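Within every chain, numbering begins at 1; the chains are lettered A, B, ... in the order of the sequence lines, protein sequences first and strands thereafter. Note that the structure is predicted; figures quoted are calculated from it, not measured.
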Protein chains: 2
Amino acid sequence: MLGAEPPPRLGRLTGRMRIEYADEATLAGLLPAADVLLVWDFASRAVPRAWPGEGPRPRWVHTASAGVDHLMCPELAASDTVVTNARGVFEGPIAEYVAALVLAMAKDLHRSWELQRAREWRHRESQRVAGTRACVVGSGPIGRAIAGTLRALGVTAALVGRSARAGVHGPEDLDRLMARADWVVSAAPLTPATRGMFDERRFGLMQPSARFVNVGRGQLVVEEALAQALTNRWIAGAALDVFDHEPLGRDSPLWELPGLVVSPHMSGDTVGWRDELGAQFVELCELWLAGRPLPNVVDKRRGYVPGH
Amino acid sequence: MLGAEPPPRLGRLTGRMRIEYADEATLAGLLPAADVLLVWDFASRAVPRAWPGEGPRPRWVHTASAGVDHLMCPELAASDTVVTNARGVFEGPIAEYVAALVLAMAKDLHRSWELQRAREWRHRESQRVAGTRACVVGSGPIGRAIAGTLRALGVTAALVGRSARAGVHGPEDLDRLMARADWVVSAAPLTPATRGMFDERRFGLMQPSARFVNVGRGQLVVEEALAQALTNRWIAGAALDVFDHEPLGRDSPLWELPGLVVSPHMSGDTVGWRDELGAQFVELCELWLAGRPLPNVVDKRRGYVPGH
């Protein structure tokens, strides 16, 4: 297991699996003898560095995260090792978090909070959310949950995925959908195809009244391009929960960008989430020990669990 | 018409009704000769003061607001003058606003905003909204819209009205529902029966983890009792959009109460709301001029439009 603190719920495995705890320094030494690797510390980049090029290696890697970008490397992708992720844990929380951001921006809650601190009573008109249009980029379970929650609020939400299928637009529709959206929500996995996809050109397509939300991965966004779009009022606002470098440094200009709401990579982390992640791993272990097929298997070439 | 600025959309009445504009000083002099009174300035308390005790008076009073507490007086209640309100304009916006506040409190957005200003990256766990319980007090169109939006987010929402009926709890259930709610939302009309209903005893019933939201009228709440409940951590937080005295004075202690979110009576006021209110009045005028029955007729004894 890679992670600084032991996950909850692993007690149920006592006597059935031997668990060794690795940090970035010891991981490479432990991997050849391990059958299973649990990547508990999703912020670590140690797996690609420590992954054995050849020879013995874990037959199964599970990551306590939705994304797998932090652990994939060509050797792991080429191997017969099975990779699974935490599908099922983060969808609902992240969808609620996006709804919170969308509503907060529409209702100007942040400005109200500033006025409250200044003890100023200043009535403003706010915006309706019902009847607006969202473009949700990422058609996996998280993107679909986001679209579902926005639709429940009366928003017309279009999903954009890697390829067109029922209820999902292909990448060829992205520019057109972004250009007419009131909300562009980034919830895509980080892959070579998606890295930097939100760039100067794409922010330039957006309506001046539109807003951008990123709960996917920081590297999906060219941060300088977003900064430019906000500073020059190409778009009305943005909210970032993920960043190119995390934690965001104190000297980052993003903290004070006009119209930008910053939060510390917490959209999916509701009370009890570590418990759920631990219990999910134990559940998968039961299947694995019984020799049964695992759910949540990642397509290692694509970088996510292929779905509907 | 009572109001400082002329409402939009009244041009359609040109040549069909003579419109005179009154302020608080001139209202009493104009009322006896008026057939219709439009109360456009819903913050004014001039109507009860200016209402003719006997003799000629308007046959119809329309208020560009949901509540009628600001214009009712015993003489108006006893008269055969018809009172109508702006039912239909504010429901959706207020329901979205309550959802915004509930989600913002669950996701700790205000704290994130403070941390952003301090350039501090501090991850916290937030709360799920789905699966929580709300008690919505006020079973008119606004209360029902709030309950509907919260339910769309997965919240179990109970409605409490003046009397029990299908889908609505009577006042006898209020204490029990408040005691187990995660969210208590006040959206009742202000009447003698509801004034001060949220008092020390009722805040004392709430769970320490619960939060209170008022989008009804300030006088529904005993503000000192809410201040005490927040200061002593009887409840986890509150959001007030309406206050006993509006605008809230700069020296009010409410601005800095721990866990209190203050906004300036704007929950229902989305872009275009004045337009909608003007258009609604014109629509009602068409009916009135044609001698047809008006919708949105207020039960003057109860103080609201009786509904389902």
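Among the candidates B:A106, B:S126, B:A100, the residue making the largest number of heavy-atom pairs closer than 4.5 Å to chain A is B:S126. Interface remark: of the candidates B:E246, B:R151, B:H110, B:H110 forms the most heavy-atom pairs closer than 4.5 Å to chain A. The residue among A:P93, A:A130, A:A95, A:A104 with the most heavy atom pairs within less than 4.5 Å of chain B is A:P93. For the set A:L115, A:L254, A:L260, the count of heavy-atom pairs under 4.5 angstrom toward chain B peaks at A:L260.
Checked by atom type and distance alone, the side chain of A:R119 pairs as donor or acceptor with a backbone atom of B:S252 at under 3.5 Å. A:Q116 places a side-chain N or O within donor-acceptor distance of the main-chain N or O of B:V262, the cut-off being under 3.5 Å. The main-chain N or O of A:V129 is found under 3.5 Å from a side-chain atom of B:E96 such that the two form a donor-acceptor pair.
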- Message: Test side chain to side chain contact (heavy atoms under 4.5 Å, CB included) on B:L109 and A:L109; report intermediate values, then the result.
- Response: CA-CA 9 Å; B:L109 293 194; A:L109 294 194; 5.6 Å; no
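Residues A:P247 and B:H123 are not in side-chain contact: their nearest non-hydrogen atoms beyond the backbone lie 4.5 Å or more apart. For the pair A:T270/B:K107, a side-chain contact is recorded, criterion being any heavy-atom separation below 4.5 Å from C-beta on. By the 4.5 Å heavy-atom criterion applied to side chains, B:M266 and A:R124 are counted as neighbours.
Contacts of A:A118 with chain B are made by backbone atoms alone, with heavy-atom separations under 4.5 Å and no side-chain atom involved. Heavy-atom distances place the side chain of A:R274, and not its backbone, under 4.5 Å from chain B. Contacts between A:R128 and chain B at a heavy-atom distance below 4.5 Å involve backbone atoms as well as side-chain atoms.
A salt bridge links A:E114 to B:R117: at least one charged side-chain nitrogen sits closer than 4.0 Å to a carboxylate oxygen.
Using a 30° and 60° split on the angle between ring planes, A:W121 and B:W255 fall in the perpendicular class, above 60°.
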